[in-house]
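Working notes, structure below.
Just so you know, these numbers use all the heavy atoms, side chains as well, and skip hydrogens, waters and symmetry mates.
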Amino acid sequence: MIQRSTRTLVPMILLLAGYWPVLPAHAELSITRGSQAGNAVTESNRVPEWIYTVRPGESFDEIASALLARNVATSRLLQHNGIDNPATVSSGDSLRIPLAWLQRQPDPARARSVVGQVQLVSGNNGDKRPLTEEMLVRVGDEILSHSGTATVELADGSVVRISPNSRLAFNRLTQYGRSGMVDTRLRLDRGEIETRVKPVIEGGSRFEIETPSAVAAVRGTMFTLRTAPGKTDLRVTEGEVSFGPPGKTRRIPAGYSASVSTVGVGNMSIRRLPPAPTINPLPPELKQLPTSLSWQPSGAAAHRVDIFDAESGRWMDSSLVNGDSFKIDLLDNGRYDIHLAALDSRGIAGMPGIISVDVDLRARTATLEQPEPGAIVNDDMPEFRWQLLGENEVARVEIAEDQEFGNLVATSEWAPDQSALPSRPLSPGQYYWRVVTEAGGNSVATSETRALVVNGTLPPVRIISVNYIDSQVRVFWQKVDTAVEYRLQLSEEPRFDNIIKEATLSDTTAALRLIPGRRYFVRLKALSDGPLESRWGPGRELFLE
């Protein structure tokens, strides 16, 4: 576990507004001092409250049991609301409940997408394990992103995107009963996160991120926080963030960046972000990839392009670009949000230009080349060739014993190649083969079907040993039961492009006279009395001193 700071964070109470996915009907928040409505309320005595509207069929005791913490007596809620008889509470009545009285329970976050190497460090025992999609992240846990990225959704719907080489700790993930309010406190020890927080105003929920040099209290916004030894940078693109050294925070609005350094007195610098670049239009639906994203020159030395899956929030790509164009490639079918921002002199991305595109690739049927229809081959690992007709496609060959391909006996790996070997040797017999093409992850096209007869083959010949006697070398190899003779090749280089000696032998040994001081390579294949023969066995190096 990392060393946690003992620094006291600046207290800040924030209230959710305009967003109540789990809020019971007619519930709202108020700021009041207590049950005496006529008393003056001073700023220092404000008590955050939640106003709950009683629903049909609910009793006061049921409400108190469901909402109040265990150490809060029901009588206190009656007194706070000036109620003498709980039986008089009926549908439509409003109950004022101080936030401090509400039940609080941990509410874990959830990993919505993970790309590359990302680890979850358990807050209970420090164990590390790979972070996977839909895995729960609990209080005390940490995420180490290494070379990967992760998108984490909090209980209130806020989203945190974690960049590579980052370490983020989840110090508090608390929910206030059924009110929909949360108390979230994170610590970013290194790296960068991009966060979209549900709207909040003063008086209710709390969302706070601490770094070694600063604290950010969030008020419903989209922002990026980056920290490294001695420095923390903030970039706000929506809403505003209270940011700065503990006890010295300032409100940073959208369109500005702020930096806090621990060097010297730790002053904070605030700058306006570079404006969003002007992106040249793209078709709203991309039918083929790659394609080029381009923009008007902004005078910036570099730009940052981020591509997100619009549905899952998955971080598909993040690239720094010199120039005014970027190649979009290797995306599956779906909807994507593309963010483009100019970098300032400190390397902080400016306001993003955002466009959305749909990728709708269609696989095209491959043209088969080899083997020819009805071909008869002697090799148990024949090579299959085809021609791809589309862009961004992958393909594989499928081989079956029936024309319906109900039971595949061999395949090849999915790859953008246009040739492949089967995944295993084929026994003698009749087969059918085809090529399946895929584009965009879900568009598939299937080629025609061709018949193929495999006569069979002999196993490759393996050299057992080599003996050196004077200027002569004797080579011994393993006998192949169905072979009648063997073909031997000798070369001075391992690829056997230039054969200096070739002979056909009936025995399993051969004597070779070599020139001392030179390196040679020998290999063999088995021959039958018919068309069958083996593949060349592995080469063996020979050297006579």
pair V215-T249: side-chain heavy atoms closer than 4.5 Å: yes
Heavy-atom donor-acceptor pair, E393 side chain to L388 backbone, under 3.5 Å: no
Spacing of CG belonging to D233 relative to CZ belonging to R226, to within rounding of 0.5 Å: 4.5 Å
Please tabulate, for the side chains in residues 123-130, all donor-acceptor contacts under 3.5 angstrom to protein atoms that are two or more places apart in sequence or on a different chain.
unit_1, atom_1, unit_2, atom_2, d
N125, OD1, S122, OG, 3.3
N125, OD1, D127, N, 2.9
N125, ND2, D127, OD2, 3.3

Where L131 and V114 come nearest, the two heavy atoms and their spacing: O-CG1, 3.4 Å
S292 versus S325, side-chain donor and acceptor atoms under 3.5 Å: no
Main-chain N/O of L173 paired to R185 side chain as donor or acceptor, under 3.5 Å: no
Side-chain H-bond candidate by donor/acceptor type, N392 with D329, under 3.5 Å: yes
Verdict with supporting geometry, W295 and T278, side-chain contact (heavy atoms from CB on, under 4.5 Å): CA-CA 6 Å; W295 52 90; T278 301; 6.0 Å; no
For the student: nearest non-hydrogen atoms of N333 and A439, plus distance: ND2-O, 4.0 Å
Check: S113/T151 side-chain N/O donor and acceptor closer than 3.5 Å: yes
Distance-minimising heavy-atom pair for T74 and D61: CG2-OD1, 4.2 Å
Sidechain N-carboxylate O distance under 4.0 Å for E192, R304: yes
CA sep, side-chain torsions, deciding dist, call: S319, D317, side-chain hydrogen bond (donor to acceptor under 3.5 Å, both in side chains): CA-CA 6 Å; S319 300; D317 189 19; 3.2 Å; yes
S294-D324 side chain donor-acceptor pair, cut-off 3.5 Å: no
Between N280 and Q296, a side-chain donor and acceptor under 3.5 Å: yes
Nearest heavy atoms of P277 and A342, plus distance in Å: CG-N, 3.9 Å
E133 atom CD: more than 12 heavy-atom contacts under 6.0 Å: yes
Side-chain heavy atoms of L286 within contact of D358, under 4.5 Å: no
Minimum side-chain heavy-atom gap I338-V305 below 4.5 Å: yes
Polar side-chain atom of R235 near backbone of A349 as donor-acceptor pair, under 3.5 Å: yes
Distance, nearest 0.5 Å, that separates CG of L78 from CG of N85: 9.0 Å
Any residue meeting salt bridge (charged side-chain N to carboxylate O under 4.0 Å, His left out) with D309, in chain and number order, not counting sequence neighbours: none
Derivation and outcome, side-chain contact (heavy atoms from CB on, under 4.5 Å), residues V121 and L144: CA-CA 7 Å; V121 183; L144 303 179; 3.8 Å; yes
Residue pair T437 / V394, side-chain heavy-atom distance below 4.5 Å: no
Within-4.5 Å side-chain heavy-atom neighbours: R346 and R271: yes
S163 backbone acceptor or donor facing S166 side chain under 3.5 Å: yes
S59 side-chain N/O to E62 backbone N/O, donor-acceptor pair under 3.5 Å: yes
Ion pair check, R112 and E134, cut-off under 4.0 Å: yes
Under 3.5 Å donor-acceptor, R161 side chain and A150 backbone: no
Pairwise side-chain contact, V72 with L77, heavy-atom cut-off 4.5 Å (strictly under): no
Spatial distance of atom CZ (R190) from atom CZ (R167) [nearest 0.5 Å]: 6.0 Å
From L168, V160, T195, residue fulfilling side-chain contact (heavy atoms from CB on, under 4.5 Å) relative to L188: L168
Chi angles and distances behind the side-chain contact (heavy atoms from CB on, under 4.5 Å) call for F170, L154: CA-CA 10 Å; F170 294 76; L154 305 179; 4.2 Å; yes
K327 vs P290 side-chain heavy atoms within contact, under 4.5 Å: yes
Heavy-atom side-chain contact between F308 and E194 under 4.5 Å: yes
Shortest non-hydrogen contact between F223 and L234, atoms and distance: CD1-CD1, 3.5 Å
Rounded distance [0.5 Å steps], CD in E153 versus OG in S158: 8.5 Å
CD on E142 to CG on L186, rounded to 0.5 Å: 11.5 Å
Listed partners of S356 passing side-chain contact (heavy atoms from CB on, under 4.5 Å), at least two apart: R335, D337
Contact summary for E398 and L408, nearest pair of heavy atoms: CB-CD2, 3.9 Å
V54 and F60: CA distance, side-chain angles, deciding distance, side-chain contact (heavy atoms from CB on, under 4.5 Å) verdict: CA-CA 8 Å; V54 181; F60 182 87; over 6 Å; no
Any donor-acceptor pair under 3.5 Å from S145 side chain to N165 backbone: yes
CG on L340 to CG on D306, rounded to 0.5 Å: 9.5 Å
